[in-house]
Amino acid sequence: MILTALDYRPGIIVLLPLIASCLIYVLGEHILPNYREAITFAAAFPMAALVYSMIPAALAGKEIGFTLLEIVKGVPLQFSVDAAGMIFACVASTLWIVTSCYSIGYMRGHGEKNQTGYYSAFAMCLTATMGLCFSANLLTFFIFFEVLTVATYPLVVHYRDEEGTRSGRKYLAYTLISGQLFFAGIVILYSFTGRMDFVPGGFVNTGDIPMPWMLAVFILMIGAGIVKAGVMPLHSWLPAAMVAPTPVSALLHAVAVVKAGAFCTLRVVLYVFGPEAARFCHGSEILAWMAVATILISSLIAIRKDNLKARLAFSTVGQLSYIILGIAILSPFAATGALYHIVAHAFMKITLFMCAGAIFVTTHRKNISEMIGIGRQMPVTMTCFTLASLAVAGFPFFVGFTSKANIIMGAISMGQPFFVATLIVSALLALTYLMPVVLLAFKRDFYNSQFPVKKEANLPMLIPIMITAACSLILGVMPNFGLHLYGLAAMAGNAIFGLSL
Amino acid sequence: MKNLPAYIVLLPLCSALLSLALSKIHKHLGRDVVFGALVGSLVLSVVQLVRVIQNGPIHYIFGGYKIPYGIEFSVDTINAVIVIMVCMLGVLSCMFAFNFDKNGDALQVGGAYTMHALLVLGMVGMTMTGDVFNLYVFLEITSLTAYCLIAMGGSRGIVSAFRYLLVGTVAATFYLLGVGILYSVTGTLNMSDMAACLKQGNNDSAMLMAMMFLISAFGIKMALFPFHGWQPSAYTHAHTGARPLIAGAMGKIPAYAMFRYLYCIYGKDFKYFRYVLLIIGVISVCGMIYGSVRAMAQKDIRKVLAYSSVAQIGYISLGFAIGSPLALAGAFLHMLGHAFMKGGLFFAAGAISWKYGTFDLNDFGRIYKRMPFTAGLLTVGALSMIGIPPTVGFFSKWYLACGAAQTHEYVYIFVLVLSSLLNAVYFFKVIEKVFVQADKNRKPLHPEGKGVTEAPITIMIPVVTCILMILLLGVFNVKVIDILLISLKGVAL
Amino acid sequence: MSMLMLEAVLLLALIAITLVVIFNKDLMVVVVTYCAFSFITMFLYIVMGAPDVAFTEAVIGVISTIYFIMTLRNIDRRCK
Amino acid sequence: MMTQIETILAGKGIYFLTLLLLTLGLYGIIVSRNYMKKLICMNIMQVAVIFFFLCFAQKNSGTIPVAMKHIVHAVEYINPLPHGLMLTAIVVSLGTTGVGLALLTRIKEKYGSIEEKDIIEGEKQFR
Amino acid sequence: MRKVLPLILIVICLGASFVTLDFLPEIGDPSSKPNTHTTDYYIEHATTETNAANMVTAVIVDYRAFDTMYETTVMFIAGVAVVLILASHPERKNRIRFRKVRKKESRDGKPVYRTINKEVVIPLIEPMIMLYAIYVLFHGEISLGGGFQAGALLGMTYILDVMVIPERDSLIRLPKDKSTALGGIGTFIYVLTGILCMAGGGVFLEYEKLPIPMHALEKHSTGMLLVEVGVAICVMATIITILNGIMERVHFDDDTD
């Protein structure tokens with residue numbers, strides 16, 4: 001990637017949480033236990049500010065960034081800012097603040113142990129995520145991808161119990177295997193093309209790699225992304241990782257890990273292979289049909305789950321496949337939709353998870369069947385939950401609508417009626433699995449029996465919930481509000497397919 | 001400064017020779033002299049590397065005779081780097097050993113450090129020498145000191161040492177036989193002269209036969225897969241103070257000697273070169289899988305690390321088998337990296353055992369609460385073993401894979417992937433033990449307070465340095481690769 | 001009889017001794033046979049024109065035999 | 001007849017016998033179950049290699065490599081270099097034997113036997 | 001099975017090597033590679049360059065002196081290793097009982113060791129051996145022998161002493177801590193010679209640069225002599241060390257009969 005302006009901001013952004021992580025680990029347990037949150041915030045706010053400060057440059061289409069050093073022979077460790085990465089960075093940095101705030105409430109309210117490790121690993125995850133956002137080439141991307149894999153592990157095994165250990169192993173098995181295959185794919189790709197840098201629209205020409213190899217490399221490289229994104233045959237680590245504390249689930253399912261998977265798929269399909277090569281080797285078709293199957297099946301599974309977090313997890317699996325589908329359709333609209341769905345899903349799903357966590361901390365209930373009438377006790381929380389549910393289902397004037405509409409338009413423009421049908425059916429299914437929660441919560445009959453008192457969760461938990469719920473409403477009405485996220489998504493989508501704005 | 005290479009071997013030698021005599025004056029005087037000499041060697045080896053980079057290879061001939069008649073030390077960038085690695089591990093493990101010589105008389109203390117310095121000396125000499133028979137002598141020095149250091153490890157140690165002695169002597173004999181065959185067709189013992197002579201004559205069958213002997217000799221010494229039988233118990237039961245050095249550096253030097261024979265003496269003109277490489281490739285692939293599979297079943301962290309060494313040595317010889325410049329550079333990077341990884345992991349394990357006297361993985365439960373730094377460093381070392389960026393393990397794997405892709409040997413890439421996944425299985429088992437699983441009732445050997453209680457500083461410095469080296473080598477690997485490539489350009493495929 | 005024949009005969013004798021060493025059950029016999037081995041070896045070195053090596057071997061042969069015998073006093077003579 | 005045998009001996013025979021000795025030593029190391037015997041077989045193996053080196057150092061009608069006034073040509077002296085090398089090898093073998101014997105003494109003290117079977121049995125007692 | 005399988009393997013290897021042995025030079029061929037390539041130089045220049053008539057000595061302590069230095073070090077290592085192995089975990093019951101001075105008499109009143117007459121061995125044979133050792137040491141360059149053999153012979157004296165009259169102190173009396181230190185010092189003399197050469201401005205072990213006012217060839221002789229003395233001391237000390245180490249553990253059953 002040729003950089004037009006030298007700018008060290010991406011590097012600082014990556015460095016900030018890294019320093020925070022190290023500081024928390026070193027000082028955490030015994031020296032300054034109560035400064036963990038302070039350190040986190042001290043890193044989170046400047047980081048978000050720095051990310052926001054780069055939006056104008058990204059909107060102007062300037063490619064800013066810098067090369068740190070040559071990380072392996074012939075390939076630099078390079079950071080640059082482009083529209084797609086910017087979207088993800090904005091989401092992640094914003095939600096880090098929100099989640100940290102929520103974590104304080106959750107951890108204090110729930111009396112969790114091992115908080116040092118938790119905050120440290122959390123910051124480390126953010127380092128990796130920011131690195132992913134601003135990586136300018138595949139190798140840099142891969143390095144942060146693997147760091148993310150490892151940094152998430154302590155969060156999954158947070159409770160140090162039997163179940164946590166088991167899901168930790170499952171998580172590692174899935175992500176490490178796919179990561180190593182990704183590595184093999186990168187090596188083979190590099191040996192054929194000799195290039196590594198992300199180019200909108202890809203740098204692989206159809207003649208670069210002989211055909212069976214091309215599909216093999218495509219699948220190897222996609223594997224890592226779709227495992228992290230939880231596409232269907234490879235999703236089972238994701239519900240298992242539900243054992244972790246709720247802020248972790250929120251991070252896993254809304255901010256860092258799964259989005260990183262989706263983002264990885266985006267980078268590989270659209271920035272490495274490009275639409276032509278992806279279509280040429282039939283990789284995109286395989287990807288699209290996997291996504292379709294996932295959307296439908298996961299929604300059906302979600303309906304049957306009684307555990308709220310499990311239901312949300314399967315919902316996540318389905319929603320992420322929207323992004324994958326949007327990428328695999330290979331049209332400008334769909335790509336825009338996919339990118340914007342990263343934003344949309346982040347805000348919606350984090351609201352839902354945080355609500356679930358708030359309910360758990362306040363009432364210690366996990367299952368939906370036990371929550372009948374909870375709307376009486378926690379009206380604000382449940383209102384936010386309702387808003388987010390509607391957004392997930394894709395109601396107009398909610399954030400989910402904008403992204404889905406774009407994907408549907410892409411599918412129509414590519415002449416794929418089946419995908420359109422899938423998206424619409426899945427919206428209905430989403431209503432089917434989320435609305436019962438809302439309806440049961442506000443059911444009048446049980447108002448006085450189970451939850452007599454009005455008692456919300458504590459403020460550090462409530463405020464983030466309200467903020468994200470509001471965001472998912474505001475961004476639905478005004479997609480370009482504040483951070484110009486929709487504009488960035490449209491820019492990226494157009495750049496990939498070589499269209500001018 | 002023209003005697004620089006000589007000083008590097010003479011400093012540890014003199015200190016070792018006088019260590020026993022000095023120990024009679026004061027129990028720890030010999031030890032301090034040895035430590036000082038090793039530090040001196042380290043400094044000089046760094047100076048040497050700088051000079052080699054600036055002025056090209058150094059050829060130092062002892063006795064001042066002409067080149068095929070005297071013994072030569074030929075130092076190029078590759079072995080200058082390896083010498084630094086050996087000296088550094090030597091210094092660190094000498095410092096580490098300070099903690100394990102409390103109960104011994106002056107003779108034992110002085111003797112143990114004598115052995116330590118001589119082991120370093122043997123490895124340094126083996127790396128720098130340019131004479132095939134001189135290599136044999138250094139090989140024997142390395143072996144004898146290693147037998148002794150392993151035997152000092154207790155009841156199992158003596159049996160391991162005896163087995164290693166038998167096998168090691170067979171290896172030395174094979175090496176001598178290989179040298180004999182080569183000498184009988186060339187009439188010279190100097191490596192560069194021998195290479196020139198071999199190119200002239202039509203000696204392919206003799207060379208092939210010699211190569212078979214040499215591969216088995218070095219294979220035994222570096223514990224390559226079918227010859228590794230002695231290694232796990234030897235690494236496991238060696239003297240605690242010397243284990244990091246033995247496990248970290250000792251296997252690498254024969255590997256370097258094998259590289260010398262393969263690429264500097266034989267070269268690509270050798271008729272059966274491809275077949276030899278194929279054989280090495282096959283056995284290293286088998287070793288990579290076998291070592292990892294065996295390591296998974298172990299409960300003792302020393303055994304885990306020992307079997308993983310079998311696998312990791314396979315990486316190095318795989319690089320030799322691929323043979324493209326990048327793969328060779330990767331093999332050497334892995335050689336350096338693995339020395340520090342294994343050294344660091346053994347240092348960390350030693351720190352834990354210094355406190356709790358145990359190496360059993362089941363006793364490691366949630367040890368991070370008592371020793372968070374050791375646990376964190378252990379984790380970084382383990383991640384490097386698996387090959388997670390930005391540690392050096394990833395980058396050496398990268399170069400190996402790139403080399404394999406350049407020569408279109410894609411099988412090797414998948415073996416690398418498979419092996420690192422198998423590594424992940426048992427190293428995450430270790431990490432899980434350290435961080436996740438429940439406490440076992442450990443009893444501290446030394447009185448300790450509440451909360452965080454790390455091992456003493458002389459143990460922590462080696463651990464920290466090794467892990468730091470892993471990260472530095474990882475991040476600045478291009479510098480190392482550039483230095484290595486200066487000398488690799490001429491010899492690689 | 002030429003030198004080469006002499007060498008061959010001596011080598012054959014050594015091989016015979018080696019067989020004794022491998023298959024004998026009494027370690028004392030083995031050690032003493034090994035002493036004979038080094039004695040014949042010394043001759044062989046002289047025949048091969050290496051008096052220096054022969055001299056050394058003569059000395060070493062004695063010393064190592066003494067070592068072996070000393071060790072034997074500490075361990076069982078019989079072996080299975 | 002005699003000359004034929006000698007040609008064979010000069011070409012391959014002596015080498016073959018030396019190799020035979022070497023392999024017998026190796027066989028002994030593998031087969032013997034007594035560690036003392038293994039040690040002795042190891043010594044035999046080393047001796048075989050020394051023969052190998054001395055074999056090709058010989059010269060027909062050469063004399064021992066000590067310079068004498070009336071012999072001046074290089075052809076008339078036996079090759080001294082392998083002799084020097086083998087001196088080193090012999091010394092090394094003595095050192096190895098000494099260390100091996102010391103180890104054997106310790107093994108006997110610890111395990112009560114130097115038979116492989118007993119030692120493997122005994123190893124299970126120690127961690 | 002255990003005996004047959006290696007046998008089969010070895011027979012196969014031998015057969016294969018017998019078929020392919022052609023590449024080795026014919027024995028006794030004066031024009032073969034090893035007998036011409038570098039050897040001619042050694043043979044022709046040994047006397048003139050190093051002032052040593054014995055070419056083997058010239059090769060080992062002059063041309064390849066560096067090898068020999070480490071060979072000596074190997075001996076030293078062996079000695080220290082034996083001491084460390086045998087003393088690293090002292091156990092009371094296995095510690096040696098130094099032989100008590102006791103009258104060895106069998107039932108009919110005659111001494112046990114009748115076959116070896118100590119009155120002959122001690123005053124006559126031992127000094128002769130030592131004298132011979134010193135002769136070998138100093139004449140290493142012009143005739144057979146050298147430092148190693150001399151050292152071994154000196155060590156033999158001690159061995160003989162100990163073997164013949166166990167209850168008597170030897171002529172050379174060396175406990176193991178002293179003998180190992182002595183071995184180190186012996187090797188150090190060797191190293192020091194080399195270092196002196198460096199001090200004189202040469203490379204390591206370049207005898208011509210020894211800082212002593214002598215003719216170049218004499219310097220060679222001096223250097224070689226110094227080196228050989230070092231070797232002799234080290235080898236003697238090591239042989240004694242190893243013997244002491246092993247003997248310490250020996251229970252002389254027949255001592256106590």
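Every chain is numbered from 1 and lettered A, B, ... according to where its sequence line falls, protein lines coming before strand lines.
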Do E:Val59 and D:His83 have side chains that approach each other closer than 4.5 Å (heavy atoms only, starting at C-beta)? no

Nearest 0.5 Å, what's the CE-CD1 distance between D:Met86 and E:Ile60? 12.0 Å

Looking at every non-hydrogen atom in both residues, tell me the closest pair between E:Asn54 and D:Pro65 and how far apart they are. OD1-O, 3.5 Å

For the atom pair CD1 (E:Ile27) and CD1 (D:Ile14), what is the distance rounded to the nearest 0.5 Å? 5.0 Å

Using non-hydrogen atoms only, which part of E:Thr72 is less than 4.5 Å away from chain D: side chain, backbone, both, or neither? neither

Where D:Ala67 and E:Thr47 come nearest, the two heavy atoms and their spacing: CB-OG1, 3.6 Å

Shortest non-hydrogen contact between E:Pro30 and D:Val75, atoms and distance: CB-CG1, 3.7 Å

Which of D:Gly100, D:Ala102, D:Gly95 touches chain E most, by non-hydrogen pairs under 4.5 Å: D:Ala102

Is it the side chain or the backbone of E:Ile43 that comes within 4.5 Å of chain D heavy atoms, both, or neither? side chain

Which answer fits E:Ile142, side chain, backbone, both or neither, if we ask what part of it has an atom under 4.5 Å from a heavy atom of chain D? backbone

Nearest heavy-atom neighbours spanning E:Ile242 and D:Gly98: CG2-CA, 4.1 Å

By the definition side-chain contact (heavy atoms from CB on, under 4.5 Å), identify the one residue from D:Leu19, D:Leu22, D:Leu24 that meets it with E:Leu14. D:Leu19

Closest heavy-atom pair, E:Pro6 versus D:Ile30, reported as atoms and distance to 0.1 Å, is CG-CG2, 3.8 Å

What part of D:Ser32 gets within 4.5 angstrom of chain E, counting heavy atoms only: side chain, backbone, both, or neither? backbone

Heavy-atom pairs under 4.5 Å with chain E: which of D:Met68, D:Glu76, D:Gln58 has the most? D:Gln58

Would you name the heavy atoms of D:Tyr15 and E:Pro25 that are closest together and state the gap between them? OH-O, 2.8 Å

Between D:Leu87, D:Thr88, D:Leu103, D:Leu101, which has the largest tally of heavy atom pairs under 4.5 Å with chain E? D:Thr88

Do D:Asn79 side-chain atoms and E:Pro34 backbone N/O form a donor-acceptor pair below 3.5 Å? yes

Which residue out of E:Thr241, E:Val11, E:Ile77, E:Ile10 racks up the most heavy-atom pairs below 4.5 Å with chain D? E:Ile10

Could you tell me which portion of D:Leu104 (side chain, backbone, both or neither) has an atom closer than 4.5 angstrom to a non-hydrogen atom of chain E? neither

Against chain D, label E:Val74 side chain, backbone, both or neither, depending on which of its atoms sit under 4.5 Å from a heavy atom there. side chain

Roughly how far apart are E:Met55 CE and D:Ile64 CD1, rounded to 0.5 Å? 9.5 Å

Pairwise side-chain contact, D:Phe52 with E:Leu24, heavy-atom cut-off 4.5 Å (strictly under): yes

To the nearest 0.5 angstrom, please state how far the CG atom of D:Leu94 sits from the CE atom of E:Met75. 4.5 Å

Going from NE2 on E:His37 to CG on D:Leu81, what distance comes out if it is rounded to the nearest 0.5 angstrom? 11.0 Å

D:Arg106 CZ to E:Ile85 CD1 distance, which is reported to the nearest 0.5 Å: 9.0 Å

Go through the atoms of E:Asp29 and report whether side chain, backbone, both or neither lie under 4.5 Å from a heavy atom of chain D. backbone

Can you tell me which residue pairs pass the ring-ring contact (aromatic ring centres under 6.0 Å, His included) test with a partner in residues 87-123 of chain D, sequence neighbours excluded? D:Tyr111-D:Phe126

